Each structure stands twice: as C-alpha cells, then as structure tokens.
Number of protein chains: 2
Amino acid sequence: MNSPIIASNPSFIESKDILSRAISKHIFIILVADCKIDYVGRSSSKMSWGERVIMLKSDGAVLIHRKTNYKAVNWQPPGANITVSLERGELNIRADRRRPRETLSITCRKIIFISSFLLKDEASFDMLLSEADIYKVLMLYPSLIEPEFRISKQQKELGGGKADITGFDKNGQYTVVEIKRIPADSNSVKQLYRYISNLRTTSPQVRGILLAPNINASAKNLARSLSIEYYSLDLKKIADIYSKKNSSDVERLDKHLF
Amino acid sequence: MNSPIIASNPSFIESKDILSRAISKHIFIILVADCKIDYVGRSSSKMSWGERVIMLKSDGAVLIHRKTNYKAVNWQPPGANITVSLERGELNIRADRRRPRETLSITCRKIIFISSFLLKDEASFDMLLSEADIYKVLMLYPSLIEPEFRISKQQKELGGGKADITGFDKNGQYTVVEIKRIPADSNSVKQLYRYISNLRTTSPQVRGILLAPNINASAKNLARSLSIEYYSLDLKKIADIYSKKNSSDVERLDKHLF
DNA sequence: TCCTATATGTCGGCC
DNA sequence: GGCCGACGTATAGGA
C-alpha cells in the first residue's frame, strides 16, 4: 500500500482530478457519493438519488453497492471503459463496454468521500477439495469408489471438462461414475442419466454411479427410477488422503492428467 | 450521511472499537486491510496475506474484494452473525450463518483504513421492461403475438409462475406462447418443449411459439427440430406501448392479474 | 420448507 | 468469439 489518497467532502474539481488520475493509473478507487444510476444494456434500470458506495477497480470493473444486500445493485464487469466528466454542476462517471453493448452512468451531486490506493495482493485463492481434487484421489484409489473397481485406461470425454470416471466393476460391468463435491440434486442425476442413456440402448446393464457427500430426497427418487446408484462420499476421508499429497502420487497425477 | 468515522492506520484497539460499535448499530463499514481469509461451508477456500477491501453492511452482509474482478472473492449473504475479536495480536472478523452452516473468517494483521457511516438511500430500484411487463402488453394486444390470435380466458399454470400465454390461433389451434425478454437460448426452447410435449401426445398439432428479442443459432435449430416456432419480439415497440400505461388499461391489468 | 425457473446471472471449458 | 455447463450460484415465487 503506497501513497493512499483520502479526501472527505472533496469538491467536484478535486474529485474529478483524483478520479482521472487514479483511473489512468489503474489504481483502486472507493467512492461514497449521493448519486443516481442509469443502466442500459441486456436489461435496463434506473435509480434516483441516494447515497451509495462505488468501487472502481484497476481492471475496469465497476460496482455500486447500497446499504444492504451482498450483491452490487448495478455494475460493469472488468474491461469496461471508464470516463469521468463534469456536466451541469454534476460529476458523471460512465462505464461502457461492447459485446454486449452496455452503458452504466453514475451521476453524482455530492461526493461524500473518495479514496484511491494500490492494493498489494499476490496471494493465490485456493478453493479446497474441488471436484478435480476428488477426481485425483479416486483415480489413485479406485477401491474408494467400490471394492475391486478398475478404472478404464481411456477416460471418455464426457463433455464440458467434467471430472467423471469410467471403468469396470468387479463383475466386469462397464460403469460411469459421476462425482459431486456438493450435495447431489436432481440435475446431477439427470446429467449422469444423459451420459449413460445412449450407452444403455446398446448395453442396458451399464451402471451409473453417483458419488456425492449427500443427496436430496427428490434426487434420490429420480435416481432410483432411472436405475442410477447413489453412494455417499466421505469428503473428510478424501481430504485426508489428498492432504498427504506432498510425497505421494497425487503430484504425479497432477502432472500427467492436468 | 451523519457522523462518518474515518481512520487511517488505526491501531487494533481503535479498529475493534469502531467495528464493534458500528456492527451493533448496523452502520455501514468499509475496511482496507492486510488480511487472510478462511471460508468453510458448502465449499471451502483459503487465501493467505494480502491487501483487500472489506465491506460490512447493516444487514449482516459481508464482502471481500480484491484489486480486480467484479465479484467478491469471499462473502457472506445478509443475516450473517458478525463478531470481532483480538487474538494473538491480530484482529479477527468472523461472519457465521446457519442453513447452510458457513463460516467466514477474516484475520487482519494490519488495518490500513477504516470508515463507518450511515447511507441515506430510500430510492427505489426500477428494472425496466421485465418479462411481466411484456406479458401485460401482449395480454392487452394479442395481435402483437400473431394476427387474430385469441388469448385463452383460462391461463394454465405452466409451472413456476411463468409469464406465458395460452390461446388459439386464427385457425382455432391451441397454442402455447413463451416470452423471453433476453435472447432465447436452447434452454428456452427446451422449457417450452417440456410444457407442450405431453399436450402433443393427445393433440400433436398443438403449437409452441417462442417470442424473444433474439435467438441463437443452436436454439433455432433445436426449435426447428422440435417443431417450435420462433418469432422475434420488438422490445422497443413493447416499451413504447408500455410507457403509455398511465391512462391506459395496463394499470387495470396490473390490478387484475397481479 | 422444498422445488422450479430466472438472471444485466458470472465463470471457465472447449471448439 | 460463441456455445455449453457448473456455480458456495442468488433470488423470487409457488406448492
């Protein structure tokens, strides 16, 4: 964090100066202002005067937050072109993007507070136990799926980069395994069913196994009616195995599979 | 905006004081801090030290923003229980919620900036031309759907409170109309197909009409193969009609249909 | 409470 | 760049 700028009740001239400079230098800006908002694009919206918190990020993202709710009331994703102007005694901030063509206009009649600064943040964001992580562990220990389960050498591309496993059960029956790291719902069942339904036209005994930490009642019923099996997945056990990856084969899997 | 509090480089003691007071009084807080984040819940994530912007809102919503991207990297929706504590020389902010059980922990080793204030904002947020708005206009002027189209007195509950219209075309053929205010995709087609597919088992000539400002190529193909018709919807025309609602029947529709 | 469908969904994959 | 599918999706509305 170097050279933060903080100004309370700045004039429009001062505000415009701070904003223009910060925007051109891709510096983070927080603004608290009495403003009105116009958005036109895929949808359109309008909001009249009120005090809101506005963030302008270094990548062009724009966020307008009201006093409640966790989502921004209006926004522009990264890459927006941000311009600032003084018009009729009001400070206007516009954020435009093409494809889709969308414009966001913030008209301020009073700047309560403005701050701009650089954020030093190089940390990685680690989502723990992703579906891909579970996949890696199961690939290493197929018996976690089912005793004597053998994984097919050729992993079918089941669409959309999904981390699913195909193989053969102890009776040699071809089996498709779908992994979820969150409770399975009827979509999970339907998805697995889509995968195996055409396989079943030629060999009806193809098994579909859904592995998830949990399943809701309707999904369970749907699975039963579609002859899809559900087994609960012990995420803690998987996490324990995964956490020992330092000296283990998970690293090799990382290299070879991803 | 009354009595805003702004502090640069506050001590932990001072910060905790400001935070505790603001949280108990449900006052908006913006915090810029060098912090690390732990989230455990439906998923889990971890992020080590870095400078981020944190918002604590009056309704219990918590947002952690990094220097880029328009979405918060971690968050807690409204209703979270927020607690602040000093532990081992670090300031910890926890936001917990039940159902689903989720905890978000923000550990700060340096507070760069803290500000708390009330936001005066009573404005309404107006989303213009919703699907329901289009529905109202088409209910008033069925010929916009198709010349001589007659709307069925009994609107079928087609599921999920959908703003869809059923009626009869100029040949007396039963027709289901699905309205989209954004470009139609294959989901739109599939949805309409689900509605009419069982109707078609008894009367195969039932028509399905998809009305949208636009349609993508794959959806168009899917529609053709499922014998669903697509017609483009002139949103501008609809908006023009809708905007004249003051003295018109749209108001009556508002009262009677919603 | 659960289920369903929408969303300015966003995001990331692959083609 | 577009299409497709998952997401800590969130969110609203009905059963």
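Since the model is a prediction, treat every value here as computed from it, not as a measurement. Letters A, B, ... are given to chains in the order of the sequence lines, protein chains preceding strands, and every chain is numbered from 1.
Atom CD1 of B/Ile106 is separated from atom CG of B/Asn92 by 8.0 Å, given to the nearest 0.5 angstrom. In this structure, A/Thr103 OG1 and A/Gln76 CD are separated by 7.5 Å, a value rounded to the nearest 0.5 Å. Atom OG1 of residue B/Thr175 and atom CD1 of residue B/Ile196 lie 9.5 Å apart, to the nearest 0.5 angstrom.
Looking only at atom types and distance, the side chain of A/Ser45 has no donor-acceptor partner in the side chain of B/Asp126 under 3.5 Å away. Counting only N and O atoms by type, the side chains of B/Gln191 and B/Tyr193 include no donor and acceptor under 3.5 Å apart.
Going from atom CG of A/Leu63 over to atom P of C/dT8 covers 15 Å, rounded to whole Å. The interatomic distance linking B/Asn187 (CG) with D/dC3 (P) rounds to 13 Å, in whole Å. The CG atom of B/Leu192 sits 18 Å away from the P atom of C/dT4 (whole-angstrom rounding). Rounding to whole angstrom units, CD1 of residue A/Ile134 and P of D/dG8 are separated by 13 Å. Distance A/Lys220 NZ to C/dC3 P: 13 Å, rounded to the nearest Å. Whole-Å rounding puts the B/Met127 CE to D/dA10 C1' distance at 13 Å. Regarding B/Tyr135, its OH atom lies at a distance of 15 Å from the P atom of D/dG13, rounded to whole Å. With rounding to whole Å, B/Arg66 atom CZ is found 16 Å from C/dC11 atom C1'.
Candidate nucleotides D/dG8, C/dG9, C/dA7 were compared by shortest atom distance to the side chain of A/Arg42, and C/dG9 ranks first.
Residues B/Glu122 and A/Arg66 are not paired through a salt bridge, judged by the lack of any N-O separation under 4.0 Å between the basic side chain and the carboxylate.
Near DNA chain C, meaning a heavy atom under 4.0 Å from it, residues 71-83 of chain A has A/Val73, A/Asn74, A/Trp75 in order of number.
Note on ring orientation: taking the six-membered ring where Trp is involved, the planes of A/His65 and B/His65 are perpendicular (angle over 60°, cut-offs 30° and 60°).
Remark on DNA chain D: of its neighbouring residues B/Tyr39 and A/Arg99, the 5'-side contact belongs to A/Arg99, judged by nearest-heavy-atom nucleotide. For the pair A/Ser45 and B/Asn69, nearest-nucleotide mapping onto DNA chain C gives the more 5' position to A/Ser45.
Comparing C/dT8 with D/dG14, their C1' atoms are spaced 25 Å from each other, to the whole Å. Separating the P atom of D/dC4 from that of D/dG8 is a span of 22 Å, rounded to the nearest Å.
The phosphate of D/dA6 has neither OP1 nor OP2 within less than 4.0 Å of any side-chain N or O from A/Lys180.
If you check every strand for non-hydrogen atoms under 4.0 Å, B/Tyr70 touches sugar and phosphate atoms only.
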